[in-house]
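We count ligands from 1, going down the list as the structure has it; atoms in each ligand are counted the same way.
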Amino acid sequence: MIKKCLFPAAGYGTRFLPATKAMPKEMLPIVNKPLIQYGVEEALEAGLHEIAVVTGRNKRSIEDHFDISFEMEHQIYGTDKEHYLTGVRSLISECTFSYTRQIQMKGLGHAILTGRTLIGDEAFAVVLADDLCINLDGDGVLQQMIKLYNQFRCSIVAIQEVPMEETAKYGVISGEMIRDDIYRVHSMVEKPKPEDAPSNLAIIGRYILTPDIFDIIAQTEPGKGGEIQITDALMKQAQQGCVIAYKFKGQRFDCGSVEGYIDATNFCYENLYKTDK
Ligand code: G1P
């Protein structure tokens, strides 16, 4: 059974400067809730109570967010403001949070390998918090993937179709379709130019990984951009055994870009915030 969810959160968020100069991009709010809180809620919904975060310099506020803010909470105790904290308080009581720091930014694969000390020898989920995933009609994306893992017992990446001219923003897969929404991966390329892309099926920031991935990452040479890429490690895993790509149900917003962030804000305001009031 998968219990742990890893959040690589050491990146600089350069696409969001100057907002991210002194603040982690994972703490940018979508309406009134930081991005990483949406990710933790999705993990908890999927039954993952052990939250592991790979942080870096300037990321202290993530740890503070999932903790008591004693003075402020004392101040609003018993007032009509207290309900604003209900959501995050229930996450704090239902999850454990552990942190480790990535000292050098050497890519997503390296960040995941840094998390090994928190994960150990068990399958785990990975959430890239700046990919906000919402399914209004049923299970969240991680929950959908956990159900698939229970069937396939191998690493799984979430994918979506993107316009061919956008392949250079993503890891891109190709494979054999084994159900209308499931592929067995044959090939995977990190951020290919459209002319080199094996398809338009792009990996988005949700993964289930089996623990053999750690040794594979440790042996993976730097790839695209001189960084250690999880895509390259997964490609090796697919050659050795099996990796599944899953076309998830729901919406995904690239909140690392200003456009995606605005779309997510409008969507959440209309569909979650307003209806919650
Ligand atoms: C990372 C991965 C890429 C994946 C993307 C999803 O890239 O390297 O394969 O498609 O996340 O958001 P990044 O966006 O961190 O550059």
Side-chain angles (χ1 to χ4, degrees), residues 6-17 20 24-26 28 35-36 38-39 42 53-56 59 102 104-115 125-134 141-142 145 155-175 183 185 187-194 196-209 213 216-217 220-238 243-248 250-261 263-264:
L6 184 70
F7 288 76
Y12 296 126
T14 43
R15 284 188 292 168
F16 249 98
L17 283 169
T20 47
K25 63 174 173 174
E26 296 77 12
L28 287 169
L35 269 170
I36 193 161
Y38 288 89
E42 187 185 328
V53 191
V54 177
T55 66
K59 301 283 184 168
Q102 191 183 9
Q104 287 176 301
M105 306 308 143
K106 294 202 229 164
L108 179 57
H110 180 259
I112 292 173
L113 182 59
T114 304
V126 175
V127 168
L128 307 185
D130 52 10
D131 273 341
L132 177 63
C133 292
I134 291 172
V141 177
L142 268 189
M145 293 172 77
S155 290
I156 304 173
V157 296
I159 52 166
Q160 72 173 172
E161 288 187 38
V162 297
M164 212 57 209
E165 59 272 19
E166 288 183 17
T167 57
K169 292 193 203 161
Y170 301 96
V172 177
I173 72 115
S174 71
Y183 294 78
V185 173
S187 122
M188 251 184 191
V189 192
E190 179 66 8
K191 305 201 172 86
K193 290 189 204 130
D196 301 327
S199 76
N200 69 336
L201 299 172
I203 302 170
I204 62 108
R206 299 289 181 280
Y207 305 78
I208 304 280
L209 300 175
I213 198 71
I216 302 177
I217 301 172
T220 299
E221 297 293 324
K224 193 88 183 183
E227 297 189 330
I228 297 171
Q229 300 292 351
I230 188 63
T231 306
D232 296 341
L234 278 163
M235 177 65 211
K236 287 192 210 166
Q237 210 181 29
V243 172
I244 294 291
Y246 169 60
K247 253 191 207 173
F248 62 93
Q251 312 240 4
R252 169 256 177 187
F253 300 93
D254 172 15
C255 295
S257 78
V258 172
E259 296 72 21
Y261 180 83
D263 288 347

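- Close approach to T231 involves these atoms of ligand 1, each under 4.0 Å from a residue heavy atom: 9 (O).
- Under the 6.0 Å cut-off for aromatic ring centres, Y246 and Y183 do not qualify, their centroids lying 6.0 Å or more apart.
- Evaluated for a salt bridge (charged side-chain N to carboxylate O under 4.0 Å, His left out) with D130, the options R15, R252, K25 yield exactly one hit, K25.
- Remark: the backbone N or O of D232 is not paired with any side-chain donor or acceptor of T220 at under 3.5 angstrom.
- Checked by atom type and distance alone, the side chain of S199 pairs as donor or acceptor with a backbone atom of I173 at under 3.5 Å.
- The single protein non-hydrogen atom nearest to atom 2 (C) of ligand 1 is E190 OE2, 3.7 Å, given as residue, atom name and distance.
- Of all protein heavy atoms, the one closest to atom 5 (C) of ligand 1 is I203 O, 4.0 Å.
- The nearest heavy-atom contact from the protein to atom 15 (O) of ligand 1 is K191 NZ, 4.7 Å.
- If you number the atoms of ligand 1 from 1 as listed, the ones under 4.0 Å from a heavy atom of L128 come out as 11 (O).
- Side-chain atoms of Q160 do not come within 3.5 Å of backbone N or O of I204 as any donor-acceptor pair.
- Scanning the protein heavy atoms around atom 1 (C) of ligand 1, the nearest turns out to be L108 CD2, 4.0 Å.
- Relative to atom 3 (C) of ligand 1, the option among A111, G171, P8 with the closest non-hydrogen atom is G171.
- Exactly one residue among I213, L209, L234 makes a side chain to side chain contact (heavy atoms under 4.5 Å, CB included) with V243. That residue is L234.
- Heavy-atom contacts of Q229 reach the following atoms of ligand 1: 8 (O) (cutoff under 4.0 Å).
- Shown here, atom 12 (O) of ligand 1 is in close reach of the protein: a heavy atom of it lies under 4.0 Å off.
- Between the N200 side chain and the E161 main chain, no donor and acceptor come within less than 3.5 Å of each other.
- Close contacts of ligand 1 with D131, meaning ligand atoms under 4.0 Å from a residue heavy atom, involve 6 (C), 12 (O).
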